[in-house]
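Reading through the structure tokens given below for one structure.
Worth saying up front: this structure is predicted, and the values here are computed from it rather than measured. Below, all heavy atoms of this structure are taken into account, side chains as well, without hydrogens, waters or symmetry copies.
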Amino acid sequence: MARDNFSSTVKNKLALRAGYLCSICRKMTVGPSKEGPLSISRTGVAAHIYGAAKGHLSRRQDESLSSEYKKSIENGIWLCSSHSILIDRDESTYTATMLFDIKRKHEAYVSILNGGINVQSGILIRLEFSNLPSPGNTIELDLTEKNIIIGSNGVGKTMICEFIKALNDISQIERWKRRIFPGNAFCNLYYFKEDKEKYSILIDAKGNLNYEVNDMSMPVLKPAIHVLYMKDTFYEFWQREDPERENTILEILAKFFSMTSEEFVTTVSIMRKESKLFTSDIFIEDGDLFVRFTGRLGSFESFSGGEKERIMLDIILTVAKYYSKFTSTILLLERGAIGNIDNWGVNMLLDHIRNGNVTFQTILMIMPPATGINLEQFKCYQLEGSRETGITTHMIS
């Protein structure tokens, strides 16, 4: 029986566009063969979406389609040998519509991987701001797993953090509702895991908030993303949240990390078993937080501002690590929150991230100049200008 078979060129291009990964299970389908130093083992298959054979023996058959279309790359999908068999044994599940959608999502996934971005855990890949932080202003940022944004005060670093944090805490952008815009202001946040999602936060001229997901209006915005935002030093946070000092250190620390006291105590107890960046041990004893630096042991309150910030960093890195085991996690860190940590400490943090010790996306905001800070392997943007003259962005690495 005649078949509309793919040419070798089409097969090769399907494999390359799929990154030699099965479009369904993402199993690798090419590798070295033991037969010899030049031998290659290929286990992938260029499968037809609409059946290649004539008549009713072919799955997902559509007699209205031309022979040219059936053997074109548009009608193909790259699969492992197991899934190539499965889709032809179960056309009720693997409809043509489903396979086209699987192919589209997989090629988008490979395209982002090809750009050096690991999206397996899910990350923000792009931000777009319009009329923010001032009317007429536009900011566009493409992101990877490791990001640094450099800018002076007033150029929008905190605004960027607030709109990202708004993905799971909409109260973060309350202040933007009070601004007067000549037209709509909006932020688009593009997220990728299995497919690209577009989350939009819109503010009309009257200060009303509206939300969209993939350009469809939604009453709320609750994506499955957890955002941790370290904005203040502990002292600034304590001054603002508890100026009368009515709460214990543990209660304020728990609130700083958006936890209950019980959750915070549990987190610290887990940290005794974890490797830490700045401290050798953190534990709770007699209702107080104790920390052991090399050769020194003391309560949290006994340490300097810089030492407190190192402790806070170790805690938030641990919290982010554990959230990332269950959901996509983003850590936002403003340089002001660790302003007492010198460049040596910042570079130690960046090395920790650079060396693959984190399983979450990081976005660090710092003031210029970035002299003495190693930006290698981080996607870096410089924000320049002012709200009056307009803000521009330049990618510097």
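- Residues H48 and F6 bring their aromatic ring centres within 6.0 Å.
- No cation-pi contact links R60 to Y94, judged by a cut-off of 6.0 Å to the six-membered ring centre and 45° from its axis.
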Derivation of the side chain to side chain contact (heavy atoms under 4.5 Å, CB included) call for T362 and F360: CA-CA 6 Å; T362 54; F360 45 85; 3.6 Å; yes
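- A 4.5 Å side-chain heavy-atom check between L289 and I282 finds at least one atom pair inside the cut-off.
- Looking only at distances, a side-chain donor or acceptor of T29 sits under 3.5 Å from a matching main-chain atom of Y20.
- Atom CD of Q382 sits about 10.5 Å away from atom OG1 of T393, to the nearest 0.5 Å.
- H83 places no side-chain N or O within 3.5 Å of a backbone atom of C22 that could act as its donor or acceptor partner.
- Just one of Q172, E334, E162 meets the side-chain hydrogen bond (donor to acceptor under 3.5 Å, both in side chains) condition when paired with Y229; it is E334.
- Scanning all heavy atoms of the two residues, the minimum distance from K157 to N153 falls at NZ-N, 4.1 Å.
- Aromatic rings from Y199 and Y211 are positioned such that their centres are separated by 6.0 Å or more.
- A salt bridge links R26 and E194; the closest N-O separation between the charged side-chain nitrogens and carboxylate oxygens is under 4.0 Å.
- I330 has its side chain within reach of I164: a pair of non-hydrogen atoms, C-beta onward, lies under 4.5 Å apart.
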Worked check of salt bridge (Lys or Arg N to Asp or Glu O under 4.0 Å) between D215 and K198: CA-CA 7 Å; D215 298 319; K198 176 185 175 185; 2.8 Å; yes
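- Heavy atoms only, all atoms of each residue included: L189 and L124 are closest at CB-CD2, 4.1 Å.
- Interatomic distance, CZ of R17 versus CD1 of I73, reported as 6.0 Å (0.5 Å rounding).
- Note that the CZ atom of R104 and the CG atom of L99 stand 13.0 Å from one another [nearest 0.5 Å].
- For the pair F163/L132, a side-chain contact is recorded, criterion being any heavy-atom separation below 4.5 Å from C-beta on.
- Judged by the 6.0 Å and 45° rule, R245 forms a cation-pi pair with W238.
- Ring geometry for Y323 versus H226: interplanar angle under 30°, hence parallel rather than tilted (30 to 60°).
- A donor-acceptor contact under 3.5 angstrom links the side chains of S72 and E74, judged on distance only.
- Counting all heavy atoms, side chain and backbone alike, C80 lies closest to K27 at CB-CD, 4.3 Å.
- A donor-acceptor contact shorter than 3.5 Å is absent between the side chain of S302 and the backbone of G298.
- Salt bridge status for K71 with D4: absent, with no side-chain N to carboxylate O gap under 4.0 Å.
- Side-chain N or O atoms of E309 include none that pairs as donor or acceptor with a backbone N or O of T233 at under 3.5 Å.
- Across I341 and R335, no two heavy atoms sit closer than the pair O-NH2, 2.8 Å.
- A donor-acceptor pair under 3.5 Å is formed between the side chain of N347 and the backbone N or O of N374.
- Across all their heavy atoms, I87 and S84 have their closest contact at CG1-O, 3.5 Å.
- No donor-acceptor pair under 3.5 Å is formed between the side chain of N188 and the backbone N or O of E128.
- At least one side-chain heavy atom of L331 sits less than 4.5 Å from a side-chain heavy atom of L317.
- Distance alone, capped at 3.5 Å, places no donor-acceptor pair between the K231 side chain and the A337 backbone.
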Steps toward salt bridge (Lys or Arg N to Asp or Glu O under 4.0 Å) verdict (K255, D242): CA-CA 11 Å; K255 195 170 184 180; D242 189 23; over 6 Å; no
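- Under the 3.5 Å distance criterion, the side-chain polar atoms of K276 are matched with a main-chain donor or acceptor of M271.
- Under a 4.0 Å N-O distance rule, the pair R240/D232 qualifies as a salt bridge.
- In this structure, K196 is not positioned above the aromatic face of F192 in the sense of NZ or CZ being under 6.0 Å from the six-membered ring centre and within 45° of the axis.
- Using bins of under 30°, 30° to 60° and over 60° for the plane-to-plane angle, the ring pair Y50/Y69 lands in the tilted bin.
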Stepwise side chain to side chain contact (heavy atoms under 4.5 Å, CB included) check, V227 with D169: CA-CA 9 Å; V227 183; D169 180 6; over 6 Å; no
Verify ring-ring contact (aromatic ring centres under 6.0 Å, His included) between F293 and F278, making sure each step is shown before the conclusion. CA-CA 7 Å; F293 285 100; F278 295 108; 8.3 Å; no
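- Of all the heavy atoms in N131 and N184, the pair that sits closest is ND2-O, 2.8 Å.
- Put simply, the side chain of T329 reaches to within 4.5 Å of the side chain of T327, judged on heavy atoms.
- Between F300 and F234, the two ring planes are perpendicular [angle over 60°; tilted spans 30° to 60°].
- A donor-acceptor distance shorter than 3.5 angstrom exists from the side chain of S328 to the backbone of S121, with no hydrogens or angles considered.
- Side-chain atoms of I123 and L143, non-hydrogen and from C-beta on, never get closer than 4.5 Å to each other.
- Note: L333 CG to I353 CD1 = 8.0 Å, rounded to the nearest 0.5 Å.
- Ion pairing of E140 with R126 is present here, as a side-chain N (NZ or NE/NH1/NH2) and a carboxylate O approach within less than 4.0 Å.
- Contact check on R296 versus E307 returns a salt bridge, with a Lys/Arg side-chain nitrogen under 4.0 Å from an Asp/Glu carboxylate oxygen.
- Using a 4.5 Å heavy-atom threshold, the side chains of L313 and L349 count as touching.
- Of the possible polar contacts, one joining the S280 side chain to the R292 backbone as a donor-acceptor pair under 3.5 Å is found.
- The distance from the CD1 atom of I391 to the OG atom of S134 is 5.5 Å, given to the nearest 0.5 Å.
- Using a 4.0 Å cut-off between charged nitrogen and carboxylate oxygen, D342 and R310 count as a salt-bridge pair.
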